[in-house]
Each structure stands twice: as C-alpha cells, then as structure tokens.
Amino acid sequence: MIVLALLACGPERPPESLHVVAASSLTGAFEAIAVVFEAENPGVDVELAFAGSQVHRLQLEQGLEADVFASADPEHVEALVRSGIVARTEGFAHNALVVVVPRATSGVERFEDLGAAERVVIGTEGVPAGRYAREVLERSVDTMPGLRDAVLAHVVSEESNVRLVRAKVELGEADAAFVYKTDALGRDALRVIEIPEPLGVRAEYVMGIVAAGDRALAERWVALVRSDAGQAHLAAHGFGP
C-alpha cells in the first residue's frame, strides 16, 4: 500500500503501482491481501480505492485508470466487458445479506418483525446491497403479506455504499438496515437478524481485469486473491469461497 519514504540522494526508480478499485464490503479483506501482495512483489505498491460497485463502474466508464475492478455484483463487471473496458473476469467469493439492528434497543427480533421498524436504511437501487435488499422484500410478498410495503414506507435513507448503510444504525439514526453479513462481523453495537430461506440472496463477487491497465500485475493480484492464502483472508472477514 502507499507509503511515504525519505528522499535519498540521487534518482530512484519509481515503484510500480497496482490500482485496485473494489466494493466497500471488501475493505478489510483486501487491505490484508495487499500486505501479502506487496511482500511477494517487492517494489510494487498496491493502491486500493473502496466505494459502491456502481460508483466504480461509472468512474471506469468515464476513464478512471485502474488495473482491477472487484464488484459485489457481476452485472457491473459484465457491463464493462461488453463495452471493452474489462478484458476478462474471475469469480472469487460470495456473501449473504442480513438485517442489522441496534443491540441495545430494538423491537425487531425476527425478520418477520421488520415491518415494525420506524427507521429503515437501505442502499440505493444502483448499489448491489440495495438491489439485493429490494429483491428480498419482493420475495416476501407471497409468504409475508404486507411486509414489503411496510418496510419501504419506513425507509428514511438510501446510501451509496453498504458501509454508510451500516453506520446509520451504529450512529443511532436507524432502527434497522440491510447490509452484508461480513459488514456486521465484530460490530458490538449491532445485532444480526438472518434472512430466512427462501428469501435470502447470495451475493457473488467478481473481479475484472481492466483492458488498459497493467495486465501482468492484475493477473498476479487475481491469482493471489483466488489462492489458498487469499481465500483464507476472505474467510477471516466472513466471505464464502
């Protein structure tokens, strides 16, 4: 990762850089993998940028320079493949959607109680977690009549990435929110409510190698993420293989 160093006398060869843009939910796992990558590739700095997958897709379409795009929704990567911006793709992990509520005070004990939450936060429709949340609610129509409409009527905020969604509950600004299971790990202020089958959705994570980027470095990054070591770091942060 980018580090500052004291200037030495005489010219030095600038380090190589690998630019990875990734979904916000990958922050912890990719930061850990970047440390391994730099150790295995001396002289290479890994530059990580995290945001909603839809944000990175738009940035790449507008000319953002990057080597790898890691998305929480294959649709965004596939769109870039069709436009020629991404050369090829690799799946590497999956995640699950859950509901989080404040641990201290909440009238929501089960998913079926979600309609009673006064302040609900979800991702925007363009954010993968937001699209998945709407898909879950749509699936509930037949088995839990009225739940979808009750929940959507109490949405007080739609956020541009899943970390911002989670923060609303942690800051006391929401009574419930849809986030990825990985984003709820180790958060003492939150309680997790699982989404029952068959309503739950499986979020598939895909990496795209950017056609105009450093293909050699990008291939090395993809190989590391998909290796046993990379998968171990992802598993430690709650991702499935």
Hey, are [X] and [Y] close enough for a salt bridge, meaning a charged N less than 4.0 Å from a carboxylate O?
X    : Y    : value
E170 : R163 : no
R215 : E219 : no
K181 : E194 : yes
E109 : R191 : yes
E90  : R226 : yes

For [X] and [Y], work out which heavy atoms get closest and say how close.
X    : Y    : result
F178 : V162 : O-CG2, 4.4 Å
W221 : F37  : N-CE1, 3.4 Å
V165 : G123 : CG2-N, 3.8 Å
V151 : V120 : CG1-CG1, 4.1 Å
G208 : V86  : CA-CG1, 3.7 Å
P128 : Q54  : CD-OE1, 3.9 Å

Distance-only, no hydrogens or angles: does the [X] side chain make a donor-acceptor pair with backbone N or O of [Y] under 3.5 Å?
X    : Y    : result
H56  : A51  : yes
E135 : G130 : no
S227 : G230 : yes
R119 : G172 : yes
D113 : R110 : yes
Y132 : A203 : no
H94  : P241 : yes
R103 : D188 : yes

Quickly, which of V68, D67, V44 forms a side chain to side chain contact (heavy atoms under 4.5 Å, CB included) with L217? Name it, please.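 When V68, D67, V44 are each tested with L217, the side chain to side chain contact (heavy atoms under 4.5 Å, CB included) holds only for V44.
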In a check of side chain to side chain contact (heavy atoms under 4.5 Å, CB included) between L190 and each of V101, V99, V179, V169, which one passes?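 That would be V169.
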Assess the side chains of [X] and [Y]: does a donor N or O sit below 3.5 Å from an acceptor N or O?
X    : Y    : value
S53  : D73  : no
H19  : E47  : yes
E138 : S140 : no

For E40, is the CD atom crowded, meaning more than 12 foreign heavy atoms sit under 6.0 Å from it?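 Yes, enclosed.
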Audit row: I195, L97, side-chain contact (heavy atoms from CB on, under 4.5 Å) steps and yes/no: CA-CA 7 Å; I195 297 172; L97 203 69; 4.1 Å; yes
Quick one: do [X] and [Y] end up in the same hydrophobic cluster if we chain Ile, Leu, Val, Met, Phe, Trp and Tyr together by side-chain heavy atoms under 4.5 Å apart?
X    : Y    : answer
L48  : V36  : yes
L185 : L164 : no
F50  : F92  : yes

Point-to-point distance, once rounded to the nearest 0.5 Å, from [atom1] of [X] to [atom2] of [Y]:
X    : Y    : atom1 : atom2 : answer
S25  : Y180 : OG    : OH    : 5.5 Å
E112 : I193 : CD    : CD1   : 9.5 Å
T182 : L26  : OG1   : CG    : 7.5 Å
R131 : T124 : CZ    : OG1   : 11.5 Å
D214 : L18  : CG    : CG    : 7.5 Å
S71  : E78  : OG    : CD    : 9.0 Å

Can you find a pair of side-chain heavy atoms, one from [X] and one from [Y], that are under 4.5 Å apart?
X    : Y    : result
T89  : M207 : no
S83  : L80  : yes
R202 : E204 : yes
F111 : L199 : yes
L114 : L147 : yes
V55  : V21  : no
R139 : V201 : yes
Q231 : D228 : no

Taking the six-membered ring for Trp, are Y205 and F239 parallel (under 30°), tilted (30 to 60°) or perpendicular (over 60°)?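 Aromatic pair Y205/F239 classed perpendicular.
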For V156 and V121, what are the C-alpha separation, side-chain angles and deciding distance, and is it a side-chain contact (heavy atoms from CB on, under 4.5 Å)? CA-CA 6 Å; V156 296; V121 177; 4.1 Å; yes
Could you walk me through whether V155 and E158 satisfy the side-chain contact (heavy atoms from CB on, under 4.5 Å) test, starting with their C-alpha distance in whole Å, then the side-chain angles of each, then the deciding distance to 0.1 Å, before giving a yes or no? CA-CA 8 Å; V155 171; E158 298 183 15; 4.0 Å; yes
Take I33 and L224 through the test side-chain contact (heavy atoms from CB on, under 4.5 Å) and record every step on the way to the result. CA-CA 8 Å; I33 293 172; L224 175 59; 3.7 Å; yes
